[in-house]
Amino acid sequence: MSLNLEKSSNLHQNSLAALLKDVEFYQNKLQKYRADGKKLETQASKSGMTSSLTHSKLTTDYEELVRKREALKAVEEQLKMFAGLTPDRDMALVKLEVAKGQLQELEDQLAKQIDFIHL
């Protein structure tokens, strides 16, 4: 039984040694990652990185851009209604008078045709 306890104790010591080795490895990794993170933060700061360039801020800005593009499409659709209009008021009035004259001619032609049908 003492032999079993000794073997068990050796196994536990080996397991404990392996665990301690793993803990040391991960602690070293953690220190390395922290140092790398600080270096990267310093480097980013030197290169002009600001809080406006974070992933969450860029994502928010992109979503806002999509909303604005959709709003712009709606405004562009409304603007299409006015595409044929002339920017000059006087020219628009001239075109309106021409259109009124054409309308009067069509009404006169229609009246003549109606009169002709009734004859």
Point to revise | Atom pair NE2/OG1 of H55 and T60 - distance to nearest 0.5 Å | key: 9.5 Å
**Study point:** From D90 atom CG to K95 atom NZ, the distance as rounded to the nearest 0.5 Å
**Key:** 13.0 Å
Revision key, fill the gap. Across all chains, not counting sequence neighbours, the side chain to side chain contact (heavy atoms under 4.5 Å, CB included) partners of E63 are T59, R67
Exercise for review: Hydrophobic side-chain clustering at under 4.5 Å (ILVMFWY, transitive links): who's grouped with Y62? Put none if nobody.
Suggested key: V66
Practice item. Write out all pairs satisfying side-chain hydrogen bond (donor to acceptor under 3.5 Å, both in side chains) with one or both partners inside residues 15-35, taking only residues at least two apart or from two chains. Key: K32-D36
Exercise for review: Report the residues that fulfil salt bridge (Lys or Arg N to Asp or Glu O under 4.0 Å) with E70, sequence neighbours left out, ordered by chain and then residue number.
Suggested key: none
Revision key, fill the gap. Checking E107, E105, K100 against L103 for side-chain contact (heavy atoms from CB on, under 4.5 Å), the one that qualifies is E107
Check your understanding: Can you pull the salt bridge (charged side-chain N to carboxylate O under 4.0 Å, His left out) pairs that have at least one residue in residues 43-55, sequence neighbours excluded?
Key -> none
Which donor-acceptor pairs under 3.5 Å do side chains of residues 71-84 form with protein atoms, sequence neighbours excluded?
| unit_1 | atom_1 | unit_2 | atom_2 | d |
| --- | --- | --- | --- | --- |
| E77 | OE2 | K80 | NZ | 3.3 |

Review point. Taking only residues two or more places apart in sequence, or in another chain, which ones meet Q104 in a side-chain hydrogen bond (donor to acceptor under 3.5 Å, both in side chains)?
Key: D108
Review point. Tracing side-chain links under 4.5 Å among I, L, V, M, F, W and Y, which residues wind up in one group with V23?
Key: none
Revision key, fill the gap. Apart from L106 itself, its cluster of hydrophobic side chains linked below 4.5 Å comprises none
Study note, to complete from the structure: dist L40:CG -> S45:OG (nearest 0.5 Å) comes out at 12.5 Å
Practice item. For Q43, look at atom CD and say whether over 12 heavy atoms of other residues, nucleotides or ligands are found less than 6.0 Å away. Key: no
Check your understanding: How is the hydrophobic cluster of L16 composed, in terms of its other members, when Ile, Leu, Val, Met, Phe, Trp and Tyr link through side-chain heavy atoms under 4.5 Å apart, directly or indirectly?
Key -> L20
Practice item. Any pair with a residue in residues 47-59 that passes salt bridge (charged side-chain N to carboxylate O under 4.0 Å, His left out), sequence neighbours left out, goes on the list, sorted by first then second residue, please. Key: K57-D61
